[in-house]
Amino acid sequence: MCLTAALPASAGVEECGNIRFDELSNCELRVTAECSAGCSELGIYKTACATRLVPVCKTECSLSAEAECTDSCTTQCSDGCKRGLNVICSHNCFVECTATRDAECSVNADVDAAQCAATWDANCDSECDAQCVTVDGDCYQHCIECCGGSCTADANMDCQTTCQDKEFEDCEHEFRANCDASCNGDGALFCDGKYVISGSQVPACVNALLAQGVSVEAEAEVTIGTDGVSGDLSAGMCAASPGSKASFAAPFAALAAAAGWLARRRKRSSHVSR
């Protein structure tokens, strides 16, 4: 089974543990030996753990956005609106929020850069989702909401990083155990080698991804239904390429790059220190 279509711009997919897929590709439903091999490395669970831990840590990480951040962001964003930029909160907030992620996550050599990036993305996704659910207004109103989500994530990045770090190892071990246990049943889903979900949740996740146009590879004779995965699990893998993803995402990347407000550099070096 290899299906694909245009991927809509969206944040996390609820059926897949709220993981964001617009930067993931090469999704595979793995079973038996290939699945077991994929479950063996703890490093593949970072995206899933960060996504799970953000709402857990929100109980103690609930700072409001700083006025300096929102004022600067909104001013630059509104200038873009005046130049004809079409800001859409649900499209632009995550891009704005993660603009300095890679640089900040590489500042401290003692920090796990992959874990830092996963925490950063999950925190941005959560705050942008909360801010951009429904925006009824013009470009400037979208700027206000977009910057509010990004700057709220910014205000809580230190706290989320510290809080998640306490739970990450246990989370990774739990996901590995779940993955191992699922390899002879429903299997596990990996995208770009990253663990997404396993067990009885796999069918709903895969069907949701296919509905949103994300390519999923699975054994040729495997059937994915509401009751699980069935079929000839020994059949060979078919090839699929989510080529339409790039064509859909590119306009938004170009749009964001054209807006000078996305390039503002916030001083976040403290976010990655412990």
Side-chain angles (χ1 to χ4, degrees), residues 10-24 42-70 73 89-90 93-133 145-179 191 194-198 201 205 266-274:
S10 62
V13 177
E14 182 178 0
E15 294 86 348
C16 302
N18 288 317
I19 289 177
R20 170 181 286 271
F21 282 83
D22 61 354
E23 294 183 357
L24 294 177
L42 285 179
I44 65 175
Y45 304 104
K46 295 191 185 301
T47 297
C49 280
T51 305
R52 171 191 282 188
L53 291 174
V54 162
V56 174
C57 289
K58 271 194 173 183
T59 57
E60 60 184 86
C61 303
S62 57
L63 295 173
S64 299
E66 296 181 0
E68 182 180 358
C69 177
T70 54
C73 176
C89 187
S90 59
C93 183
F94 182 79
V95 180
E96 153 66 11
C97 189
T98 57
T100 61
R101 175 197 59 207
D102 293 344
E104 298 297 345
C105 286
S106 63
V107 168
N108 191 334
D110 295 330
V111 170
D112 184 322
Q115 181 176 319
C116 173
T119 296
W120 199 295
D121 286 356
N123 184 33
C124 286
D125 240 347
S126 176
E127 297 299 346
C128 287
D129 276 358
Q131 201 76 18
C132 298
V133 172
E145 302 301 332
C146 176
C147 290
S150 174
C151 290
T152 300
D154 180 63
N156 288 283
M157 202 68 73
D158 282 343
C159 181
Q160 281 283 347
T161 299
T162 301
C163 175
Q164 289 194 31
D165 191 51
K166 299 173 185 176
E167 307 292 336
F168 234 89
E169 185 175 353
D170 287 344
C171 180
E172 288 181 308
H173 281 289
E174 180 183 346
F175 272 128
R176 177 175 178 175
N178 292 340
C179 185
C191 295
K194 297 180 179 180
Y195 169 88
V196 175
I197 208 161
S198 59
Q201 296 173 293
C205 175
R266 296 189 292 266
K267 300 298 182 181
R268 285 173 165 169
S269 57
S270 61
H271 292 157
V272 293
S273 60
R274 301 190 185 106

* To do: Check step by step if side chain to side chain contact (heavy atoms under 4.5 Å, CB included) holds for Q160 and E127.
  => CA-CA 12 Å; Q160 281 283 347; E127 297 299 346; 5.8 Å; no

* Structure fact -> In short, C151 meets C73 closest at the heavy-atom pair SG-CB, 4.4 Å

* **Atom pair OG1/CG of T100 and D154 - distance to nearest 0.5 Å** => 7.5 Å

* Asked: So which heavy atom on S62 is nearest to which on N156, and how close?
  -> N-OD1, 3.1 Å

* To do: Please round to the nearest 0.5 Å and tell me the distance separating atom CE of M157 and atom SG of C124.
  => 4.0 Å

* Structure fact -> When every non-hydrogen atom of C61 is compared with those of C163, the smallest separation belongs to SG-CB, 4.3 Å

* Structure fact -> Of all heavy-atom pairs linking K46 and F168, the shortest is O-CZ, 3.6 Å

* Measure from the side-chain N and O atoms of S126 to the backbone N and O of N123, and report whether any donor-acceptor pair falls under 3.5 Å. => no

* Structure fact -> Residues D129 and G12: closest non-hydrogen pair is OD2-N, 4.3 Å

* Specify whether Y195 and F175 have parallel, tilted or perpendicular ring planes, treating 30° as the upper limit for parallel and 60° as the lower limit for perpendicular. => tilted

* Can you check whether C97's main-chain N or O pairs, donor with acceptor, with W120's side chain at less than 3.5 Å? -> yes

* Audit row: C159, L63, side chain to side chain contact (heavy atoms under 4.5 Å, CB included) steps and yes/no -> CA-CA 9 Å; C159 181; L63 295 173; 5.7 Å; no

* Looking only at heavy atoms, which two atoms of E172 and L42 are closest? And how far apart? -> OE2-O, 3.1 Å

* Asked: What is the distance from atom CG of D125 to atom SG of C132, rounded to the nearest 0.5 Å?
  -> 10.5 Å

* **Identified side chain to side chain contact (heavy atoms under 4.5 Å, CB included) counterpart of V196 within the set I19, V13, T51** => I19

* Asked: Under 3.5 Å, is there a donor-acceptor pair between the side chain of T98 and the main chain of F94?
  -> yes

* **Rounded distance (nearest 0.5 Å) linking atom CG of N18 with atom CZ of R52** => 12.0 Å

* Asked: Rounded to the nearest 0.5 Å, how far does CG of D121 lie from SG of C128?
  -> 10.5 Å

* Check whether any side-chain heavy atom of T161 sits under 4.5 Å from a side-chain heavy atom of Q115, and report yes or no. => no

* Asked: Does E169 CD have over 12 foreign heavy atoms under 6.0 Å away?
  -> no

* Asked: How many angstroms lie between atom CD of E96 and atom SG of C147, to the nearest 0.5 angstrom?
  -> 6.0 Å

